[in-house]
Amino acid sequence: MEGLLFYVFGGLAILTTLFTISSKNPVYSALWMIGSFAATAAVFVLLEAFLIATVEVLVYAGAIMVLFLFVIMMINFKAEEQKGLRLSPLAVLVALTFLTLFGRAVGDLGSASGSKPNELVGTPGAIAEVMFTRYVVPFEAVSMLLLAAILGTVVLSRRNSQA
Amino acid sequence: MFDIAASLAKIIILTHTTLILAMYMPWVERKVSAWIQDRVGPNRVGYAGLLQPIADTFKFIFKEDVVPGHVNKTLFVLAPCFAVIPSLFILAVIPFGPAVQVMGQSVDLVIADLGVGILFVFAFSGLAVYGIVFAGWASNSKYPMLGGVRASAQMISYEICLGLSVVGIFMGAESLRMLDIVQQQIDGSWNIFTQPLGFLIFAIAAFAETNRLPFDLPEAETELVAGYHTEYSSIKFTMFFAGEYAAMFVFAALVTVLFLGGWDLPFMDSASFAAMGNWGALLGFAVFLVKSFMFLLLYVWVRFTLPRFRFDQLMNLGWKVLLPLALVNILITGFLNLP
């Protein structure tokens, strides 16, 4: 049953992502991308990683895609709409490079069949414990990095508005 | 088999309670507003106008369903669905009464007892904005578009305050599970007393998230005709309407569970509910509904008391007042809970 569901949601994730990059209309792309995040979240649920699944919906499908849509709606994408999917040689090269790297990475993972994930790993308590003890320094470093990025954005946008 | 039947029963009870309340809330709103403004309110259909919601529903269904020629048809049809579904999803994690005993088994009155409970709520309340945004964009005319843009900015801003305002609660309960949060309030005191600032921020943000006055900027009729649902008619409009009232009930239920102790009564503890058996569960459900209804009345009261905010005032309130206050609240809670 779970195996079947994995293929259903995994297939949906791939399909929706394909539609995301092939839609001519950017709003449709955004819509398919929300679907893609939802399907990914469902795969996480099947792995019993409920926290990751919820955060996937909360942060990506909820917050980030609303910002994407906000920008898409503010800017009129009429010109982009006409062109549709273009394949430049450079894009194909980059895609093939990533595909090769990704294929190697997946190949190195080896077979994970038979190992059922520990259901305690995905709980908020377990993740918080690791995050605030073993990985507390990287966690704080990432938050400083994000803060720096936010401040940088504010500074840049202010300079533009004064000019 | 038993689990599936129990889940189905719980889903049917809770969604129907929500939808019937969503149907009758406009009647309550019209009656209360009439009382506030010294009018009579609906009184033609049935006793005290009680059949008015049913008459209105039939009217909505049988109106002509107009799809204007200039809209994006796919998204125009999908948008009302997006407006209703997220609120109903949130219902899944709201506990609505103490456990019942059915055929010798104890059944918790919550559809999905998730460990991530409260985060699940925020994940799906964040999706509620898509109905409005897609309606605004698909309608392809200026007032819905402005409503959609306003809605996305407003809901992102207030979602942050909403999320931060309850951090204090799960610091106290040391859990995200809704049942744990209710149990902690039954054993101790209600969160409205231990987290008054958190309650205030949550209540204000809930008004903004459900697009209710004084924050109904996305559909401000004096500026935007009807905002994002200007182009909608018949059953599609009804779905936006029902979605808004369902969201109001969901937030009222959340306030009840998070701040008002769920089904807790001051003079009863878990044991006295359990002693009453299934009547105790029914009493708990009734208490839960009454508390939620109190918060729904607050929605109506505020709507007919406060004028609408300007959009810059709305943004200032969200980012410069509520957000810092929510952070201060987390700090205070942290210091008070120091071991």
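The chains referred to below are lettered A, B, ... by the order of the sequence lines, with proteins before strands, and numbering in each begins at 1. Since this is a predicted model, take the numbers as computed values, not measurements. Computed over heavy atoms, backbone and side chain alike; hydrogens, waters and symmetry mates excluded.
- Using modelled atom types and a 3.5 Å distance limit, the side chains of A:Thr20 and A:Ser29 yield no donor-acceptor pair.
- When each of B:Ala123, B:Ala138, B:Ser152 is scored by its heavy-atom pairs under 4.5 Å with chain A, the top score falls to B:Ala123.
- Proximity to chain A involves both the backbone and the side chain of B:Leu119, based on heavy atoms less than 4.5 angstrom apart.
- Of the atoms belonging to B:Val129, it is side-chain heavy atoms, and not backbone ones, that fall under 4.5 Å from chain A.
- For A:Leu67, the parts sitting under 4.5 Å from any heavy atom of chain B are the backbone and the side chain alike.
- Taking the six-membered ring where the residue is Trp, the centroids of B:Phe215 and B:Tyr158 are separated by under 6.0 Å.
- The candidate from A:Val27, A:Val57, A:Val55, A:Leu69 with the greatest count of non-hydrogen atom pairs under 4.5 Å with chain B is A:Val27.
- No more than 12 heavy atoms of other residues, nucleotides or ligands shown are found within 6.0 angstrom of CZ on B:Phe89.
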Test side chain to side chain donor-acceptor pair (under 3.5 Å) applied to B:Asp187 and B:Gln183, step by step: CA-CA 6 Å; B:Asp187 297 338; B:Gln183 193 56 49; 3.3 Å; yes

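- Using a 4.5 Å cut-off between heavy atoms, B:Phe82 touches chain A through its side chain atoms alone.
- Atom OH of A:Tyr60 has 12 or fewer heavy atoms from other residues, nucleotides or ligands within 6.0 Å.
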